[in-house]
Amino acid sequence: GTQSFQTSGAVSVASVGTGPVTASGSSIDLTGAGPVTVASATATGGKIRLRAADALTVTTSNATGAIDAASSNGALQLATATAGGPVIGRAATGASFDTITAGSIDLASTAGPITGTRTVTSGTQRFDTSGAVTIADVGTGAVTARGSNVALTATGPMTRLASGMKTMAK
């Protein structure tokens, strides 16, 4: 069921339910033993750390520091993630996002695709999977991508590309 955690201090929950979960505090640390859905996570003075044993779905996350999200046995979905520091995501069966705005971005999946609509960063961007990597609009930061097929599109200049990538500039 629905869970809500709000405090001016740190929020740390070692066993959240499947959700939806809403959390707001100076920092956020949530862990779930199964799939977890986070409707909203806001860290006003630090980082957000999210862990799920199965699928991890995050609608909105906003941190003054880093966002670190991982699904050990499922997929990771970050709808809108905004961080003052890096956004780090790990998944077993694929990762997807709508918009990530961050100091840098590092997404990896053991299997399955990494797909995204838009990244906003001037920092480094790393996408690593055995599946396909498809990003519709990469930010201006340096890009490294590895996958079975890589398709990156940019509305502005791409600083750097690893070899073997299919790219398109708008």
For residues 107-120, which side-chain donor-acceptor pairs fall under 3.5 Å, sequence neighbours excluded?
from: Ser109; atom 1: OG; to: Gly94; atom 2: N; distance (Å): 2.8
from: Ser109; atom 1: OG; to: Ala111; atom 2: O; distance (Å): 2.5
from: Thr119; atom 1: OG1; to: Gln125; atom 2: OE1; distance (Å): 2.5
from: Thr119; atom 1: OG1; to: Gly139; atom 2: N; distance (Å): 2.6

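For the pair Ile135 and Phe97, the minimum side-chain heavy-atom distance is below 4.5 Å. The closest side-chain heavy-atom distance from Phe5 to Val16 is below 4.5 Å.
Listed here is the closest heavy atom pair of Ala145 and Leu152: CB-CD1, 4.4 Å. In plain terms, the two heavy atoms of Ala66 and Ala63 that are nearest each other are O-CB, 3.7 Å. The two residues Ile28 and Ala43 come nearest to each other via the heavy atoms CG1-CB, 4.2 Å. Of all heavy-atom pairs between Ser40 and Thr42, the closest is OG-OG1, 4.0 Å. Residues Ser148 and Ala132 approach most closely at OG-N, 3.4 Å, considering heavy atoms. Nearest heavy atoms, Val36 versus Ala52: CG2-CB, 3.9 Å.
In this structure, Ile88 is not a member of the same hydrophobic cluster as Ile67, with clusters built from ILVMFWY side-chain heavy atoms closer than 4.5 Å.
Thr121 contributes a side-chain N or O that, together with a main-chain N or O of Gly103, makes up a donor-acceptor pair within less than 3.5 Å.
Pairs of residues two or more places apart, or lying in two chains, that qualify as side chain to side chain donor-acceptor pair (under 3.5 Å) and include a residue from residues 58-78 are Arg51-Asp68. Residue pairs meeting the side chain to side chain donor-acceptor pair (under 3.5 Å) criterion with at least one partner in residues 25-35, sequence neighbours excluded, are Asp29-Arg49. Legend: side chain to side chain donor-acceptor pair (under 3.5 Å) pairs involving residues 85-101, not counting sequence neighbours, sorted by first then second residue: Arg90-Asp106.
Partners of Ala33 according to the side chain to side chain contact (heavy atoms under 4.5 Å, CB included) rule, which considers only residues two or more places apart in sequence or in another chain, do not exist here. Contacts of Ala69 classified as side chain to side chain contact (heavy atoms under 4.5 Å, CB included), with partners at least two apart in sequence or in another chain: Leu50, Leu56, Leu76, Leu78.
For the side-chain contact (heavy atoms from CB on, under 4.5 Å) criterion with Val87, the lone passing option out of Ile100, Thr82, Ile48 is Ile100.
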